[in-house]
Amino acid sequence: MAPSILANLDSDQQEAVKKTDGPNLILAGAGSGKTRVLTYKVAYLVLEKKTPAQNILMVTFTNKAAGEMKERVFKYLDKGSELPFMGTFHSFCARLLRVESERAGFSKNFSIYDETDQLDLVKEILSDLQIGSKSRPQAILAAISQAKGELLGPDDYKKLSFGYFAQIVSEVYPRYQKLLLKNNALDFDDLISETVKLLKQNSDIAQKYQKRFCYILVDEYQDVNTAQYELTKILAGFWGNITVVGDACQAIYGFRGADFRNILNFEKDFENVTVFNLTRNYRSTQAILDGAFSVISQNESHPILKLWTKNKGGELLEIFEAENEVEEAGFVLTQIKESYSPLSSFAVLYRTNAQSRVLEEACLESGIPYVLVGGTRFYQRKEIKDVLSYLRVITNPKDSVSQKRIEKIGKGRLKKFEKVKEEIERNRKPQEIIENILKETEYLFLIDDGTEKGKSRVENVKELLSVASKFENLSDFLENVSLVEAESEAQKSASEGKEAITLMTVHAAKGLEFETVFLVGMEEGLFPHLRSSFDPADLEEERRLAYVGITRAKVKLYLTYVRNRLFLGRRQTCLVSRFVTDIPDHLISKC
DNA sequence: GAGGGGGCGGTTTTT
DNA sequence: CCGCCCCCTC
């Protein structure tokens with residue numbers, strides 16, 4: 001492979017790929033071919049350095065990124081060869097913990113709790129403590145999650161906390177952990193923090209994995225939190241061959257504990273770090289890059305990569321002021337309809353999920369097919385969680401959250417479920433098990449109330465069945481369901497080549513690119529969001545988010561804002577976002 | 001025990 | 001404006 005594959009890379013990229021040993025920091029700007037470098041590096045390790053696949057570990061943040069990398073690496077390697085582990089931090093840790101579960105202090109069949117399950121647990125504790133609804137369960141859960149990301153246990157938290165709210169959290173947190181343990185369940189944060197704890201406390205287990213992973217590659221390093229950072233440090237503790245890729249300008253997950261300073265500290269924490277700068281952008285026009293730079297360069301707390309491209313000039317950025325959100329959506333769809341480009345080349349990006357509604361309605365009205373990414377996630381839907389709860393009680397009888405959930409579905413149904421549970425258990429395929437439960441409990445009858453919503457609920461359960469049909473046993477299915485987001489029907493048809501525009505949040509758009517991007521709702525209080533408008537650090541994150549949004553565009557970028565917007569049912573007057581006024585006039589044409 | 005109506009509170013982003 | 005929670009009724 002060697003010459004031909006490396007020939008697809010520019011000289012900076014080649015250098016970054018070929019330097020496999022020791023600690024390497026690749027600062028890769030937006031559109032600079034970061035995924036390319038990582039995937040070629042894996043291929044290079046296998047084909048050129050003859051590294052066995054099992055000795056390579058590649059971690060990313062999202063399933064989307066992991067999936068894409070797998071696909072690409074698969075293409076580069078010889079047919080039939082084994083693939084290295086490539087997955088999210090969470091899936092890696094879950095797998096490790098299942099293997100080592102006994103030493104970690106829980107049993108192998110532990111449940112993985114998502115946010116809904118976590119909230120159920122917190123609410124239960126709050127009502128036991130008779131704290132009532134004065135403190136919002138979400139806020140408490142967020143504090144606990146933050147603490148876990150910092151590797152702070154309940155005792156540590158109590159020592160460090162002060163104030164009324166923290167007082168409540170420090171009451172809830174230990175009880176919450178105790179309940180998780182009793183339920184034989186881990187939440188998302190536990191997956192990481194329990195792995196770190198396990199490896200720190202058991203040097204033999206740590207060594208096993210340290211020795212196994214000769215080469216470690218970490219994507220989106222600016223988005224690691226303390227626990228993830230510690231984990232990568234431990235895993236690289238024997239060979240020290242670790243390549244991290246990231247860009248502080250694209251750190252947008254500070255709200256969930258990510259700390260871009262980790263990437264800044266990398267050079268201090270490892271000795272003799274080689275730094276690579278990838279600043280050539282292969283995606284956008286110079287006009288778009290200049291616009292992006294004029295926004296991000298206002299940030300002061302992190303280094304900023306100045307990107308360049310051979311793609312000089314390009315169309316000006318267009319700015320549109322609409323009277324209200326309906327007119328804004330109308331403008332977007334008019335532009336799309338008047339263009340001759342394929343629908344899949346358009347993306348409409350927004351700050352909050354709530355904004356999608358008006359856009360969807362406008363699409364329906366004008367007959368433009370669309371794919372909505374995100375929104376209420378498939379596995380979070382009530383009907384899906386209900387069905388999954390029946391299954392989880394089968395694999396993990398201690399799971400009280402699922403138990404309570406199915407009790408709520410109905411006592412009568414519970415009895416019927418329990419009657420058939422014994423027959424169900426015998427190593428049947430997940431699909432058959434679900435069908436059996438549905439039949440006995442008549443669950444579909446319950447959710448099908450004849451309305452459109454009811455119909456869509458039934459459709460969702462059928463969709464779950466089709467996912468289940470791909471799995472041979474229940475545990476594998478449940479693991480996948482917890483850690484991998486399902487592709488919606490719409491996304492599937494889009495990937496099958498049906499033409500549609502894409503609607504999603506800016507967060508969801510990270511790592512993607514489109515010929516034409518509409519950034520809508522560019523207003524003060526919305527983007528930057530009101531809740532991030534007071535703290536300078538939060539504002540810088542909003543600015544990075546805007547930067548990510550702008551740099552998704554390859555050819556054409558529209559920025560739109562409205563004079564007034566319906567917000568919480570009230571019409572409010574809006575001001576244009578500072579991120580728009582930061583862009584100099586010579587880059588802009590007003591429509 | 002199940003299901004529906006009315007009041008209340010709340011909008012960020014996600015593995 | 002929507003979803004959630006509580007309470008009320010069957």
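In this text the structure is predicted, and so the values were computed from the model without any measurement. Residue numbers start from 1 in every chain, and the chains themselves are labelled A, B, ... in the order their sequence lines are given, proteins ahead of strands.
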Problem set entry | Carboxylate-amine/guanidinium contact K408(A) D386(A), below 4.0 Å | no
For this session: When you get a sec, tell me which of dT13(B), dG3(B), dT15(B) is the closest nucleotide to the side chain of F188(A)?
Result: dT15(B)
For this session: Mind checking S532(A) for me? I need base, sugar-phosphate or nothing, with any heavy atom below 4.0 Å counting as a touch.
Result: base
Problem set entry | E542(A) or H90(A), whichever maps to the more 5' nucleotide of DNA chain B | E542(A)
For this session: Could you check whether F567(A) gets within reach of a base, just the sugar-phosphate, or nothing at all, counting any heavy atom under 4.0 Å?
Result: base
For this session: Inspect the surroundings of CD in Q298(A) and state if more than 12 heavy atoms from other residues, nucleotides or ligands are less than 6.0 Å away.
Result: yes
Exercise. Salt bridge check: are K34(A) and D247(A) linked by an N-O gap of less than 4.0 Å?
Worked result: no
Exercise. F260(A) CZ to dT13(B) C1': how many Å, rounded?
Worked result: 17 Å
Exercise. Can you say whether the rings of Y209(A) and F213(A) are parallel (under 30°), tilted (30 to 60°) or perpendicular (over 60°)?
Worked result: parallel
Seminar exercise, completed: Per atom distances to the R413(A) side chain, the nearest of dT13(B), dT15(B), dG3(B) is dG3(B)
For this session: Before giving the answer on ring-ring contact (aromatic ring centres under 6.0 Å, His included), spell out for F61(A) and H90(A) the whole-Å C-alpha distance, their side-chain angles and the decisive distance to 0.1 Å.
Result: CA-CA 8 Å; F61(A) 275 83; H90(A) 293 87; 8.0 Å; no
Problem set entry | d(CD, E220(A); P, dT15(B)) in whole Å | 12 Å
Exercise. Taking CG from L545(A) and P from dT13(B), how many angstroms apart are they, rounded to a whole number?
Worked result: 11 Å
For this session: Send over the distance from L141(A) CG to dT15(B) C1', rounded to a whole Å.
Result: 13 Å
Problem set entry | F417(A) and Y390(A) aromatic ring geometry - parallel, tilted or perpendicular at 30°/60° bounds | tilted
Exercise. When you measure from the side chain of T352(A), which nucleotide among dT13(B), dT15(B), dG10(B) comes out closest?
Worked result: dT13(B)
Exercise. Are E115(A) and F188(A) side-chain neighbours, meaning at least one heavy-atom pair lies under 4.5 Å?
Worked result: no
For this session: Determine the sole option in R571(A), R357(A), R565(A) for which the salt bridge (Lys or Arg N to Asp or Glu O under 4.0 Å) test with E325(A) is passed.
Result: R571(A)
For this session: Before accepting this row, confirm whether a basic side-chain N of the pair E323(A)/R563(A) lies closer than 4.0 Å to the acidic partner's carboxylate O.
Result: yes
Exercise. Looking across every strand, which nucleic acid part, if any, lies under 4.0 Å from N353(A) by heavy atom: base, sugar-phosphate, or nothing?
Worked result: sugar-phosphate
Problem set entry | Whole-Å gap separating P (dT15(B)) and NZ (K510(A)) | 11 Å
Exercise. Taking atom P of dT13(B) as reference, at what distance in whole Å does atom CG of D535(A) sit?
Worked result: 19 Å
Exercise. How close or far is atom P of dT15(B) from atom OH of Y113(A), stated in whole angstroms?
Worked result: 21 Å
Exercise. Within the structure shown, what part of the strands sits under 4.0 Å from F255(A) by heavy-atom distance: base, sugar-phosphate, or nothing?
Worked result: base
Exercise. What is the distance from CD1 of I144(A) to P of dT15(B), rounded to the nearest Å?
Worked result: 21 Å
For this session: Kindly express the pairing pattern of DNA chain C in dot-bracket notation, using | wherever a base pairs with another strand and counting only Watson-Crick or G-U pairs under 3.5 Å.
Result: ||||||||||
Seminar exercise, completed: Its contact letters, B for base, S for sugar-phosphate only and - for none at protein heavy atoms under 4.0 Å, make nucleotides 1-7 of chain C read -SS-S--
Exercise. Is any side-chain N of the basic residue among D114(A) and K385(A) closer than 4.0 Å to the acidic one's carboxylate O?
Worked result: yes
